[in-house]
Amino acid sequence: MKVPWFIAAAFAAAFGANGAQAKPIAFANGTTTMVEHGAGTMAEAQLFYAPRYWFSVGAGYLALGSDIDDFDRRISYVRANLLAKRWNLPAAQANVFAWGGLGSATGTGFGRETAVNAGAQIDYETRRIYGSLRTDWHRGDSFAHRIDTVQLGVAPYAHDYDSLATWFVLQGRQYSNRLYDGVEWALLLRLFKGGTWVEAGVTQDGHPQVMMMFNF
């Protein structure tokens with residue numbers, strides 16, 4: 001394992017109208033904590049507070065470990081998230097998010113240095129299907145890494161907020177700059193009810209992937 005199973009800070013993405021897809025902004029006056037172990041290459045924790053439905057602010061910690069070369073990165077950051085556009089359709093919702101932040105990083109071959117973070121996400125969801133595209137970029141004087149993620153999900157039944165939701169999710173993730181060779185595919189089972197969310201599965205390499213999120 002090249003990244004830790006646990007992370008000291010916790011920080012977040014939140015639910016949309018139907019709760020099918022994690023988002024970088026919680027509902028107004030909402031706080032969400034999230035921790036993710038992404039196979040053998042990444043682990044991340046985040047916490048965001050949203051004073052408005054279209055804006056949130058918080059902090060995070062990201063650990064990266066190369067599956068190709070023997071190096072690692074540890075990045076702490078503060079960040080602001082913006083809901084740039086939302087479409088409320090009769091039986092669906094679509095969103096465009098953007099974010100940016102500043103922090104510090106350490107890693108193999110360099111000491112502590114300033115790092116910047118930027119990214120965006122677009123998603124579409126109903127109570128039975130959803131899709132999302134996400135890109136997240138971290139850069140310092142000694143490194144630059146981008147993580148691109150696509151998710152496609154289907155629910156075997158429509159759920160209400162106070163009932164247990166079940167989703168089957170196919171995820172593809174690509175890491176830049178020799179973190180992983182090719183696209184890392186994963187099959188995931190996602191369960192959530194109210195403000196509690198658990199997602200778990202395996203990659204094509206047989207590595208476990210787990211994400212837990214709590215919204216309050």
For Val150, all residues meeting side chain to side chain contact (heavy atoms under 4.5 Å, CB included), sequence neighbours excluded: Leu133
Partner residues of Phe168 under the ring-ring contact (aromatic ring centres under 6.0 Å, His included) criterion, sequence neighbours left out: none
Selection residues 177-186 - residue pairs positive for salt bridge (Lys or Arg N to Asp or Glu O under 4.0 Å), sequence neighbours left out: Asp69-Arg178
Carboxylate-amine/guanidinium contact Glu44 Arg74, below 4.0 Å: no
Residues clustered with Trp185, ILVMFWY side-chain links under 4.5 angstrom: Leu170, Val183, Leu187
Partner set under side chain to side chain contact (heavy atoms under 4.5 Å, CB included) for Leu82, not counting sequence neighbours: Trp54
Partner residues of Asp205 under the salt bridge (Lys or Arg N to Asp or Glu O under 4.0 Å) criterion, sequence neighbours left out: none
Pair listing, salt bridge (Lys or Arg N to Asp or Glu O under 4.0 Å) test, anchored in residues 145-156, at least two apart: Arg146-Asp148
Co-membership, hydrophobic cluster, residues Val202 and Tyr180, 4.5 Å side-chain: no
Partner residues of Arg128 under the salt bridge (Lys or Arg N to Asp or Glu O under 4.0 Å) criterion, sequence neighbours left out: none
ring-ring contact (aromatic ring centres under 6.0 Å, His included) against Tyr77, all qualifying residues, sequence neighbours excluded: His138
Arg112: partners by salt bridge (Lys or Arg N to Asp or Glu O under 4.0 Å), with sequence neighbours left out: none
Remaining members of the apolar cluster that contains Phe216, side-chain heavy atoms under 4.5 Å: none
Partners meeting side chain to side chain contact (heavy atoms under 4.5 Å, CB included) with Ala94 (sequence neighbours left out): Trp87, Tyr124
